[in-house]
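Just so it is clear, the structure is predicted and the values come from calculations on it, not from any experiment.
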Amino acid sequence: LTVTPKTLTPTVTVADKPYDGTTAATIESRELTGIINGDEVSLVDGVATFSDKDTGTGKTVTITGLVLAGADAAKYQLPAGEVTTTADIIAAQLTPAVSVADKTYDGTTGASIVSRSLTGVIGAEDVSLVNGSAAFVDRNAGTGKTVTVVGLALAGTDADNYALASPGATTQATISPRPITVTAAADSKTYDGTATATGTPTITTGDLVGGDTGAWTQSFDTRHAGTGKTLTPAGAVSDDNSGGNYAVTFAPAASGTISPLPMTVTAVTDSKVYDGTTSSDGIPQIAPAPVDGDTAEFQQAFATPDAGT
């Protein structure tokens with residue numbers, strides 16, 4: 001008589017996995033259906049392989065090399081052929097990194113992406129980081145400013161096997177103050193005892209942007225009359241950043257003139273008894289009067305010491 005081993009039905013489960021560029025699969029559990037009366041027999045060993053390396057859900061996994069073990073294993077057999085199951089290969093997560101160019105203040109938050117890179121690509125697979133727009137946290141000048149990048153995407157023949165951990169990234173860059181030169185304007189006035197000038201300096205190098213405005217004044221180097229006098233500009237920019245968005249260079253100009261104040265000194269009527277001299281006690285009149293802080297001292301004299309009218 002011949003007793004044929006009973007055929008058992010094997011069931012295998014395989015773990016889902018993140019994409020790793022291989023078809024390798026990991027067996028999670030092995031089960032047998034059809035064991036009689038609590039016989040000691042189990043399913044062991046086996047190698048699981050996905051149908052291909054690419055991402056997907058419900059992918060076919062083939063298991064080979066399964067064997068029976070246990071004290072009663074000889075009473076049973078496995079069916080001919082391969083055992084199959086299904087599992088998922090999930091897109092591998094990639095971490096994006098972006099570098100952004102420093103720039104000179106231009107009144108906007110716009111930033112220019114210089115480079116894009118990915119961490120987590122397997123081997124030399126064809127996947128790259130593309131697209132994206134970058135913006136500074138605000139428009140003002142500063143160092144180490146936060147830049148946010150959004151709209152990043154993957155490209156390349158292997159891109160479908162990957163996913164970005166985030167479609168955006170953050171980095172840092174610098175907005176440098178915008179250089180401008182403010183130059184004093186030619187100016188002239190009649191001496192008034194002050195160094196005040198009425199001319200308005202102008203921006204001769206660079207410009208203001210983004211609705212920013214400048215308020216400029218200038219002054220003479222001294223209050224005294226003279227030509228070729230130095231005019232020195234001053235002032236500030238209104239830019240919602242206390243002027244910090246600009247690097248202002250003030251350029252003096254030796255183009256100022258303070259003309260002497262015309263003054264008329266007029267003798268007053270005077271009389272005296274002959275004393276042999278031309279001296280007069282009268283004090284001449286001055287028009288206009290000296291400016292505040294200045295003083296004047298004038299005398300008058302008779303034309304001759306002789307008596308006469």
Requested in this report: Go through the steps to decide whether Ser176 and Thr104 satisfy the test side chain to side chain donor-acceptor pair (under 3.5 Å), and finish with yes or no.
Outcome: CA-CA 5 Å; Ser176 300; Thr104 298; 5.2 Å; no

Report task. Decide whether Tyr191 and Asp294 meet the rule of one side-chain donor and one side-chain acceptor closer than 3.5 Å. Result -> yes

Report task. Quick one: do Phe50 and Ile89 satisfy side chain to side chain contact (heavy atoms under 4.5 Å, CB included)? Show the steps, please. Result -> CA-CA 9 Å; Phe50 281 95; Ile89 297 180; 3.7 Å; yes

Requested in this report: Go through Thr95 and Thr119 one step at a time and tell me if the side chain to side chain donor-acceptor pair (under 3.5 Å) criterion holds.
Outcome: CA-CA 5 Å; Thr95 302; Thr119 299; 5.7 Å; no

Query raised in the report: Can Asp207 and Arg178 be counted as an ion pair, charged N to O under 4.0 angstrom?
Result: yes

Query - Separation between CG of Leu78 and CG of Leu32, rounded to the nearest 0.5 Å - result: 6.5 Å

Report summary line: Looking only at heavy atoms, the pair that brings Pro262 and Pro288 closest together is O-CD, 3.3 Å

Requested in this report: Check whether any side-chain heavy atom of Leu208 lies under 4.5 Å from a side-chain heavy atom of Ile180, and answer yes or no.
Outcome: yes

Report summary line: With sequence neighbours left out, the residues meeting side chain to side chain contact (heavy atoms under 4.5 Å, CB included) with Asn37 are none

Requested in this report: Examine Ile90 and Tyr162 and state if one hydrophobic cluster contains both, with Ile, Leu, Val, Met, Phe, Trp and Tyr joined whenever side-chain heavy atoms are less than 4.5 Å apart.
Outcome: no

Requested in this report: Could you tell me whether Asp138 atom CG has more than 12 heavy atoms of other residues or ligands within 6.0 Å of it?
Outcome: yes

Requested in this report: Take Gln77 and Thr7, measure what side chain to side chain donor-acceptor pair (under 3.5 Å) needs, and give me the verdict at the end.
Outcome: CA-CA 5 Å; Gln77 64 183 1; Thr7 301; 2.9 Å; yes

Query raised in the report: Of the non-hydrogen atoms in Thr196 and Lys189, which two are nearest, and what is the gap between them?
Result: O-NZ, 2.7 Å

Query raised in the report: Side chains of Thr13 and Ser29: is there a donor and an acceptor less than 3.5 Å apart?
Result: yes

Query raised in the report: When Leu94 is tested against each of Ile122, Val127, Leu129 for side chain to side chain contact (heavy atoms under 4.5 Å, CB included), which residue passes?
Result: Val127

**Report entry** Thr11 and Val83: CA distance, side-chain angles, deciding distance, side chain to side chain contact (heavy atoms under 4.5 Å, CB included) verdict
**Finding:** CA-CA 8 Å; Thr11 302; Val83 176; over 6 Å; no

Query raised in the report: Considering residues, nucleotides and ligands other than Asp292, do more than 12 of their heavy atoms fall under 6.0 Å from its CG?
Result: no

Query raised in the report: Using a side-chain heavy atom cutoff under 4.5 Å and only I, L, V, M, F, W and Y, what cluster partners does Val47 have?
Result: none

**Report entry** Residue list, side chain to side chain contact (heavy atoms under 4.5 Å, CB included) with Asp52, at least two apart or on another chain
**Finding:** Asp54, Lys59

Query raised in the report: Can you name the closest pair of heavy atoms from Thr57 and Asp88 and give their distance?
Result: CA-OD1, 3.1 Å

Query raised in the report: Is the number of heavy atoms from other residues, nucleotides or ligands within 6.0 Å of CG (Asp126) greater than 12?
Result: yes

Query - Between Ser188 and Thr257: side-chain donor-acceptor atoms closer than 3.5 Å - result: no

**Report entry** Stepwise side chain to side chain contact (heavy atoms under 4.5 Å, CB included) check, Asp240 with Arg139
**Finding:** CA-CA 10 Å; Asp240 295 326; Arg139 74 186 188 114; 3.9 Å; yes

Requested in this report: Give a yes or no on whether Leu261 atom CG has more than 12 heavy-atom contacts from other residues, nucleotides or ligands under 6.0 Å away.
Outcome: yes

Query raised in the report: In Å and rounded to the nearest 0.5 Å, what is the OG1 to OH distance from Thr55 to Tyr19?
Result: 8.0 Å

Query - Lys6 with Asp72: basic N within carboxylate O range, under 4.0 Å - result: no

Report task. Quick one: name the residues clustered hydrophobically with Ile286, using the 4.5 Å side-chain heavy-atom rule over I, L, V, M, F, W, Y, and just say none if it's on its own. Result -> Met263, Val265, Phe298

Query - Sequence-distant partners of Thr202, side chain to side chain donor-acceptor pair (under 3.5 Å), two or more places apart - result: none

Report task. Side-chain contact test, heavy atoms from C-beta onward, threshold under 4.5 Å: evaluate it for Thr232 versus Asp221 and give yes or no. Result -> no

Query raised in the report: Salt bridge between Glu125 and Lys53, side-chain N to carboxylate O under 4.0 Å?
Result: yes

Query raised in the report: Lys75 and Asp39: side chain to side chain contact (heavy atoms under 4.5 Å, CB included), yes or no, with the steps?
Result: CA-CA 9 Å; Lys75 300 173 184 178; Asp39 284 349; 4.0 Å; yes

Query raised in the report: Does atom CD of Gln285 have more than 12 heavy-atom neighbours, drawn from other residues, nucleotides or ligands, at distances under 6.0 Å?
Result: no

Query raised in the report: Side-chain contact, heavy-atom cut-off 4.5 Å: Ile258 with Thr227?
Result: no

Query - Side chain proximity check, Leu68 to Leu43, heavy atoms < 4.5 angstrom - result: yes

**Report entry** Side-chain donor-acceptor contact under 3.5 Å, Asp212 with Tyr246
**Finding:** yes

Requested in this report: Would you check if the side chain of Asp270 reaches a backbone N or O of Gly282 as a donor-acceptor pair within less than 3.5 Å?
Outcome: yes

Query raised in the report: Closest approach of Ala173 and Ala101, non-hydrogen atoms and distance?
Result: CB-O, 4.0 Å

Query - Residues Lys229 and Thr222: side-chain donor-acceptor under 3.5 angstrom - result: yes

**Report entry** Tyr105 vs Pro177 side-chain heavy atoms within contact, under 4.5 Å
**Finding:** no

Query - Separation between CZ of Phe302 and NZ of Lys272, rounded to the nearest 0.5 Å - result: 5.5 Å

Query raised in the report: Once you round to the nearest 0.5 Å, how far does CG of Leu231 lie from CZ of Phe220?
Result: 5.0 Å

Query raised in the report: side-chain hydrogen bond (donor to acceptor under 3.5 Å, both in side chains): which pairs involve residues 300-309, sequence neighbours left out?
Result: Ser280-Gln300

Query - Close side-chain approach of Pro96 to Leu152, heavy-atom, < 4.5 Å - result: yes

